[in-house]
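These notes are about the structure you will find just below.
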Amino acid sequence: MSTETAIRLTVNGEGRTVSVPPMRRLLDVLREDLHLTGTKEGCGEGECGSCSVRMNGELVNSCLVPVLQAEGTTIETVEGLAHDGVLHPLQQAFLQCGGAQCGICTPGMLMAAKHLLAHNPQPSIAEIREGLAGNLCRCTGFMRIFESVLSAATSIAGTSQQETHAR
Ligand code: FES
Ligand code: FES
């Protein structure tokens, strides 16, 4: 018999409480208890990055995080990227540059890319390659993913320049 514990989280800006066994994986809580199925399971062993989410601003493999460890944290998942029906520039760029094929790695790639751009808004291809090194893709050969991130960084930089000039 497993004892359930109430765990409070903020997920994509919304306060959520779940009653689950404390060692349940954050991945399962997101997908099965909160019905946020955007986050994908690839290996289930911390090797592929498909399950990447941001927890208190750090990139984590949610298949390795017991939900107890996530108590009181702020979680960002792929569902939090688009706003008011408008795709995030990273999502736009993945679409336009062919950065997604089967899509299994894509949510994790997007979260890893978001994390990278939060720390390095204008990365080189080499820095993108390094930033996404924990995320595996079996379909694209990676170059299109790296180009998508580069394109998104350029588009975000262009938008912020326009905003600065508009002020
Ligand atoms: Fe979590 Fe592969 S499913 S790292
Ligand atoms: Fe299929 Fe990356 S698009 S694993």
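All ligand and atom numbering here is 1-based and tracks the order in the structure.
The atoms of ligand 1 that sit less than 4.0 Å from any heavy atom of E47 are 4 (S). In the vicinity of C43, heavy-atom distances shorter than 4.0 Å reach the ligand 1 atoms 2 (Fe), 3 (S), 4 (S). Taking every non-hydrogen atom of G46 and a distance limit under 4.0 Å, the qualifying atoms of ligand 1 come out as 4 (S). Those atoms of ligand 2 that come under 4.0 Å of a heavy atom in C137, given as number and element, are 2 (Fe), 3 (S), 4 (S). Heavy-atom proximity to G103, at under 4.0 Å, picks out these atoms of ligand 2: 1 (Fe), 3 (S). Near C48, meaning under 4.0 Å from one of its heavy atoms, ligand 1 places the atoms 2 (Fe), 3 (S), 4 (S). Of all atoms in ligand 1, numbered sequentially from 1 with element shown, those under 4.0 Å from a heavy atom of G44 are 2 (Fe), 3 (S).
The backbone N or O of T37 lies less than 3.5 Å from a partner atom in the side chain of R31, making a donor-acceptor pair. Side chain of S155 to main chain of S151: no donor-acceptor pair is present (N/O by atom type, distance under 3.5 Å, no hydrogens or angles). For the pair E4 (side chain) and P21 (backbone), a donor-acceptor distance under 3.5 Å is absent.
Comment: E32 engages R24 in a salt bridge, judged by a side-chain N to carboxylate O separation of less than 4.0 angstrom.
Atom 1 (Fe) of ligand 2 has no N, O or S atom of C105 inside 2.8 Å of it. Here C63 does not reach atom 2 (Fe) of ligand 1: none of its N/O/S atoms is less than 2.8 Å from the metal. Atom 2 (Fe) of ligand 1 does not have C51 among its coordinating residues (no N/O/S atom, backbone or side chain, under 2.8 Å).
Taking the side chain as every heavy atom from C-beta outward, M109 and L90 never approach each other to under 4.5 Å.
The two residues M111 and E76 make their nearest non-hydrogen contact at CE-O, 3.4 Å.
Counting only heavy atoms of the protein, atom 4 (S) of ligand 2 lies nearest to R138 N, 3.3 Å.
Results of the side-chain contact (heavy atoms from CB on, under 4.5 Å) test with C51 over V60, N61, V65 single out N61 as the only residue that passes.
A distance of 8.0 Å separates CD in E47 from CG in L136, rounded to the nearest 0.5 Å.
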